[in-house]
Each structure stands twice: as structure tokens, then as C-alpha cells.
Amino acid sequence: MKDKIISHSKSGYSRREMLLTTAGAAGVAAVGMMNSGGARADESTTQGRLVVNGLDASTASAEFVELLRSGGVDCVHKSIGDLTSAAHYYGLAYQNRDDMVIAKSVAEIRQAKEDGKIAFILGAQVAKQYEEALFRATSVLGSFRDMTKAVAEFKGLGVAIQGLCYNTTNVFGSGCLDHKAPLTRAGRRLVEQIHEHEIVLDVGGHCGEQTSLDAIEMSSGLPIVCTHTNMAGINPSIRAISDRMAEAIAATGGVIGITAVSAFHNRSIENMPEEDVQATLDDHLDQYDYAKRLIGIDHVGLGPDFIWGWGPSMPMDPEDSAAFPPYSMAKGLQSTVKDFEDISKLPNLIEGLQGRGWSEAELDQLLGANWLRVYEQVWGA
């Protein structure tokens, strides 16, 4: 899911306004933390690890920071799509500067943990901002120079992880609704720029298989990730990745994050109940076990894609949605996994994996070490 942010009075920000926001200008809805430096999750589950939530779509707010803290999380990947959402995160970080920070390096993530703060990594699931830049100045002709400038600008804002397509086809390639379409010429130029600017490339999941494989093929020597997906070998959801795709990502040294969205565990074109069916914790644990057996523990991470703060759960109208057809999600409210409904329930996941025989070394990798390794390889220390 694409991240949701708290609304505010301004309808948009210029770049100057966004930068002023980072210095504490008014206009961003954020409240002070009520429990600065509050208690962490039980050390019996966190074990002093640096825990990374590889993708979370929950509403960004001071309360969400406390939710991360209560789950024992030290670092979270959140998505932006434009200057407005970037302004929100910088404003939130400024007004809650004793409790969170926008991190642009692994060193800053580690320093945040040492300081008792939650590190936020900014990423983008969609590439709409680059598509808009591509055609902004020259209309139908397009300008790769303008697109390159946009990549540099968003890198400057802290965008450290970048996807190519969000379910549907765009100028760069295909989304998961069309697994056969290749990476386009524009897509190849974008992938080159993502690597040039030392941004982690995010494929699979929302991105179509052939587009993803093409991007991986031209990314020799660099780890590529899928921040949030599920395993099609268990349930052939349109949002899940095939064994072939998982193995291709692992072969780069990359990491696959597992989502907690119920529909991706139990809904497909072969199984379309009228209402959302909440996945069980055992259903979810099966995903981790499957991925570990298939590609090895070095390549599996957290990517729960939670929707906390959207309401009791996420409303969906598949008949009206271009990105999520009825075989991907049911009409009405959507759920996340029972007993793992939001990141504060992370100890339940950990205890479940321990009960299935996962070692502490394996949990170290899953809960943060794998993501940190990839970040450091791409961003540098």
C-alpha cells in the first residue's frame, strides 16, 4: 500500500516551503511525543537488536512513532510520492526531534538507536514523480535530462529506496497486473539513474515480473530488493512473487520483505470470497518459513505494509480501482494478520517464529541485519 499521512491545511508545498518546514515552520500536523524515550518492547524478543521495519504504510504521526517504539522497532521505511508528503515527514521529525529522525545513511540509523530515537528512511513505491518530470517541459517528446534532475532532487530530499511501477503499467514498465511486459527504454534510463544516485531499487511485488527481471539483469553487482510482498508458491495472489522472482532477487544479494496484508495470503483469481478473510498468524509464519527454505535466511526481512491509522481497516472498492481488481482484494474493509495487526504486535511474530525453531541468529538477520547490509552496500556506510 502507499503510505497515508495526516492531512493538513496546506494543499501543497513549494520546494522552499518544504525546506522551511524542516526548520519548524507551521502548517504540518504533528503533535509532541507524550512518552519521550518511552519503554521498549520486552528485551526477551528484541534482544538488543537494531530492528528494521522494511515497509509500513501506516498513517505517519507522533502516535505511530510510539507504536514503533512499543514494538521494539528502531528504523522504519516510509514512502513519499511528492513534496507535500516529504514536507510532512520533515515537519513530523522536527516537531518530534527528541524521538525520531530522518536517516540518510546506516551510520545515522545506528546513531539514532544510540540516541534512543526512531530512524525513518524515506522511499517511493511509485515513479510518478519521474514520469511527470520526463514530460513536464517538452510535452510528448519527453526529456531524460529533466527526469535525471528529478531523481537528483528526490535523492536530496532523502529518498533512499525507489520502486518502478505500482500494479499498473507506466512509461517505465509494467506493474503486477501484467507480468509479461518488459522494462522500457525510459525504464532503463530510470534504473541507471537510481543506481547512479545510490538508491536501493525496489522491484517485484507491485512491479511486473518481466520488468523486474529486466531491471535486475542490468543491475550487475548491486543488491535489489522487494520491500513488501508475499510468496506465490503458497497463494498465487497478483501481489505475490513467484519462486523465480524470489530467486532472482536473492541472487543479487537482495532482500524480500513479507507483508501482513490478509488478502495477499488467501485471495487470488482462483479464490475470491465476497468478504475479506483475516489471515491467521500461522498463515503469516508459513510465508517466512517458505521464503527461508527457498532462498535462505540472508534474503528475508520484515515488510509488513501495515495500514494502522487508516481506520479499523482499509476500505476497498475493487470494481472502481484500476490498481486492485476483485481478484486481488475483496470489496469493503481489508485486514492485516490476526495478532499482527500493527507493528506494536511484533513480539507475537517473533515468538511465533521462535516456536517454529528459528534461531536467534536467524531472527537477527530477519529483524534488521539483512536490510542494513543491503542499505550499506548501496548507500555506503
Side-chain angles (χ1 to χ4, degrees), residues 1 3-4 39-47 49 51-61 63-78 118 205 226-231 234-235 237 239-241 255-267 275-292 297 300-314 316 329-330 333-358 360 362-368 370-371:
M1 302 302 163
D3 288 15
K4 184 177 181 181
R40 301 302 303 260
D42 188 338
E43 283 295 318
S44 67
T45 55
T46 59
Q47 294 290 323
R49 303 176 175 102
V51 178
V52 179
N53 178 349
L55 191 287
D56 199 310
S58 297
T59 301
S61 65
E63 291 78 9
F64 174 63
V65 178
E66 280 303 292
L67 205 70
L68 292 163
R69 191 181 295 282
S70 67
V73 172
D74 302 291
C75 174
V76 59
H77 167 209
K78 296 288 288 179
I118 308 294
C226 182
T227 54
H228 55 302
T229 191
N230 294 89
M231 308 306 295
I234 296 179
N235 178 63
S237 164
R239 272 283 283 108
I241 58 172
V255 176
I256 295 165
I258 304 297
T259 87
V261 177
S262 290
F264 303 161
H265 292 69
N266 55 34
R267 190 175 185 84
E275 297 182 352
D276 174 74
V277 177
Q278 187 174 27
T280 68
L281 185 59
D282 275 337
D283 292 335
H284 191 56
L285 297 175
D286 289 345
Q287 296 277 334
Y288 291 97
D289 281 340
Y290 185 100
K292 186 178 76 165
I297 187 56
V300 189
L302 298 177
D305 200 17
F306 286 126
I307 53 177
W308 176 88
W310 293 42
S313 50
M314 184 185 67
M316 175 62 66
M329 286 188 161
L333 296 178
Q334 308 297 311
S335 66
T336 45
V337 170
K338 183 173 175 54
D339 297 322
F340 194 40
E341 293 90 349
D342 61 62
I343 198 60
S344 72
K345 308 290 181 62
L346 181 58
N348 290 341
L349 173 70
I350 296 171
E351 290 168 6
L353 292 172
Q354 288 171 331
R356 291 190 175 204
W358 283 51
E360 293 307 310
E362 289 173 330
L363 290 170
D364 286 344
Q365 291 180 265
L366 171 75
L367 294 171
N370 289 340
W371 285 124

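Count residues from 1 along the sequence.
With sequence neighbours excluded, the residues forming a side-chain hydrogen bond (donor to acceptor under 3.5 Å, both in side chains) with Asp286 are Arg356, listed by chain and number. Under the side-chain hydrogen bond (donor to acceptor under 3.5 Å, both in side chains) criterion, Asn53 pairs with Asp56, not counting sequence neighbours.
Taking OG from Ser262 and CG from Asp283, the interatomic distance works out to 8.5 Å, rounded to the nearest 0.5 Å. Here the CG-CG distance, from Asp339 to Leu281, works out to 6.0 Å after rounding to the nearest 0.5 Å. Here Ile343 contributes atom CD1 and Arg69 contributes atom CZ; the two are 14.0 Å apart, rounded to the nearest 0.5 Å. Put simply, CD on Gln334 and CE on Met316 are 5.5 Å apart, with the number rounded to the nearest 0.5 Å. Between the CG atom in Leu349 and the CD1 atom in Ile258 there is a gap of 10.5 Å [rounded to 0.5 Å].
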Next on the checklist: Show, in sequence, the C-alpha distance, side-chain angles and deciding distance for Val261 and Ile307, and conclude whether the side-chain contact (heavy atoms from CB on, under 4.5 Å) test is met.
Outcome noted: CA-CA 9 Å; Val261 177; Ile307 53 177; 5.8 Å; no

Item to check | Stepwise side-chain contact (heavy atoms from CB on, under 4.5 Å) test for Tyr288 and Val300 | outcome: CA-CA 7 Å; Tyr288 291 97; Val300 189; 4.1 Å; yes

Checklist entry - Checking side-chain contact (heavy atoms from CB on, under 4.5 Å) for the pair Arg49/Glu360: CA distance, chi angles, key distance, verdict? => result CA-CA 10 Å; Arg49 303 176 175 102; Glu360 293 307 310; 2.4 Å; yes

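Taking the side chain as every heavy atom from C-beta outward, Leu346 and Leu302 approach each other to under 4.5 Å. When side chains are defined from C-beta on, Asp305 counts as touching Arg239, because their heavy atoms get closer than 4.5 Å. Within the 4.5 Å cutoff, the side chain of Ile297 has heavy atoms near those of the Trp358 side chain. Thr259 has its side chain out of reach of Phe306: every pair of non-hydrogen atoms, C-beta onward, lies at least 4.5 Å apart.
The aromatic rings of His265 and His284 sit tilted, their planes meeting at an angle between 30° and 60°.
Under 3.5 Å, the side chains of Asp282 and Thr280 contain no donor-acceptor pair of N or O atoms.
In this structure, Arg267 contributes its side chain and Val277 its backbone to no donor-acceptor pair below 3.5 Å. Side chain of Lys78 to backbone of Ser58: a donor-acceptor contact under 3.5 angstrom is found. For the pair Asp276 (side chain) and Ala330 (backbone), a donor-acceptor distance under 3.5 Å is absent.
When all heavy atoms of Phe64 and Val76 are compared, the closest pair comes out as CZ-CG2, 4.3 Å. In terms of heavy-atom proximity, Asn230 sits nearest to Gln287 at CB-OE1, 3.4 Å. The minimum heavy-atom distance linking Leu363 with Ile350 is given by the pair CD1-CG2, 4.2 Å. In terms of heavy atoms, Trp371 sits closest to Cys226 at CH2-O, 4.1 Å. Considering all non-hydrogen atoms of both residues, Ala240 and Met231 come closest at CB-C, 3.9 Å. When all heavy atoms of Asn235 and Asn266 are compared, the closest pair comes out as ND2-N, 3.5 Å.
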